[in-house]
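All of these numbers come straight from a predicted model, not from anything done at the bench. Whatever order the structure lists ligands and atoms in, that order sets their numbers, starting from 1.
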Amino acid sequence: MNYIEVSSYDELSRKAANIIAAQVIMKPCSVLGLATGSSPLGTYEKLAKLCKAGDVDFSAVTSVNLDEYVGLSPDNEQSYRYFMDKNLFSKINIDRSKTYVPDGCAADIKAEGERYDALIEKLGGIDIQLLGIGHDGHIGFNEPDEFFTKETHLVSLDPSTIEANARFFASKDEVPTKAITMGIMSIMQAKKVLLIANGKNKKDIVEKSFFGPITPKIPASVLQLHPDLTVIYCEN
Ligand code: F6R
């Protein structure tokens with residue numbers, strides 16, 4: 001594991017963007033696994049700047065996102081598809097038809113999970129997966145459990161996740177209670193994994209995840225087994 005501690009969110013974002021940019025420069029047709037939430041906002045901003053400056057060309061890139069709330073359509077401002085369009089896809093020269101997010105409105109979420117896993121396989125897997133981490137150690141929306149779930153699947157969000165994500169909604173009651181998330185298999189099969197975490201309140205879970213025992217009760221801990229993992233953390 002490559003564990004990097006930096007002193008500011010700006011530095012974290014710059015490093016993460018540089019790693020993703022390098023991936024795209026070295027392999028223009030890369031498959032990028034992307035995340036939402038507040039952690040990657042700075043990274044996306046930096047990637048947009050690099051693209052605008054002509055330093056990175058996303059025209060041949062494909063992206064697959066980790067997760068989506070169940071019941072939120074792409075035009076819902078709280079949906080992860082909307083988030084990605086707003087914060088990244090509209091700001092870089094990616095072909096939007098090659099950007100994938102699980103369909104949270106699919107009538108059959110199980111079938112949607114199977115379709116999503118087949119899609120990732122057909123794309124040849126993920127070259128680099130960007131991850132944030134929840135306070136309970138979730139990655140994607142793989143919440144603490146007795147076991148790791150391999151495939152893309154339906155999850156009931158942990159009360160602590162609903163609480164944490166309420167900041168993006170008008171009230172806690174509006175946070176969907178279910179989501180569809182990529183499973184641990186696609187994440188672990190990504191050729192590279194880049195996890196970013198910032199804030200004092202993530203320090204404890206970062207320590208437990210990357211320096212403690214590997215357990216499905218702390219889903220991110222499984223990443224310790226990944227052969228090419230980079231973690232960037234800053235306390236601020
Ligand atoms: C989002 C995702 C989540 C977040 C995590 C941290 O697509 O998969 O695992 O990365 O909840 O969220 P923030 O960055 O908002 O602290």
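With hydrogens and angles left out, the side-chain atoms of Thr161 and His138 include a donor and acceptor closer than 3.5 Å.
Near Arg167, with a cut-off below 4.0 Å to any heavy atom, the atoms of ligand 1 are 13 (P), 15 (O), 16 (O). Close approach of ligand 1 to Leu66 (heavy-atom distance below 4.0 Å) involves ligand atoms 8 (O). Close contacts between ligand 1 and Gly140 involve ligand atoms 2 (C), 3 (C), 8 (O), 9 (O) [criterion: under 4.0 Å to a heavy atom].
Nearest to atom 8 (O) of ligand 1 among the protein's heavy atoms is Asp67 OD2, 2.7 Å. When hydrogens are left out, the protein atom nearest atom 5 (C) of ligand 1 is His138 NE2, 3.4 Å; that is the closest non-hydrogen contact. Protein heavy atom in closest approach to atom 6 (C) of ligand 1: Ile133 O, 3.4 Å. Ranking protein heavy atoms by distance to atom 1 (C) of ligand 1, first place goes to Thr36 OG1, 3.1 Å. Among all non-hydrogen protein atoms, the one lying nearest atom 14 (O) of ligand 1 is Ser39 OG, 2.5 Å. The nearest heavy-atom contact from the protein to atom 10 (O) of ligand 1 is Gly132 CA, 3.3 Å.
For the ring pair (Phe, Tyr, Trp, His ring centres under 6.0 Å) with Tyr69, the lone residue among Phe83, Phe169, Tyr82 that qualifies is Phe169. Of the listed residues (Asp10, Ile20, Leu41), just one forms a side chain to side chain contact (heavy atoms under 4.5 Å, CB included) with Lys46, and that residue is Asp10.
Between Ser38 and ligand 1, a contact under 3.5 Å exists for at least one N or O pair.
Distances from ligand 1 to the non-hydrogen atoms of Lys202 include at least one value under 4.0 Å.
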>> One pair to check against side-chain contact (heavy atoms from CB on, under 4.5 Å): Leu32 and Leu130. What are the steps and the verdict?
In response: CA-CA 8 Å; Leu32 304 181; Leu130 176 66; over 6 Å; no
>> As a quick check of understanding, evaluate salt bridge (charged side-chain N to carboxylate O under 4.0 Å, His left out) for Glu112 and Arg115, giving each step before the final call.
In response: CA-CA 5 Å; Glu112 171 60 8; Arg115 185 196 69 85; 2.8 Å; yes
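Of the possible polar contacts, none joining the Ser63 side chain to the Thr99 backbone as a donor-acceptor pair under 3.5 Å is found.
A distance of 9.5 Å separates CG in Leu66 from OH in Tyr80, rounded to the nearest 0.5 Å.
Look at Lys49 and Asp55 and you find no salt bridge, because none of the NZ, NE, NH1 or NH2 atoms lies under 4.0 Å from a carboxylate O.
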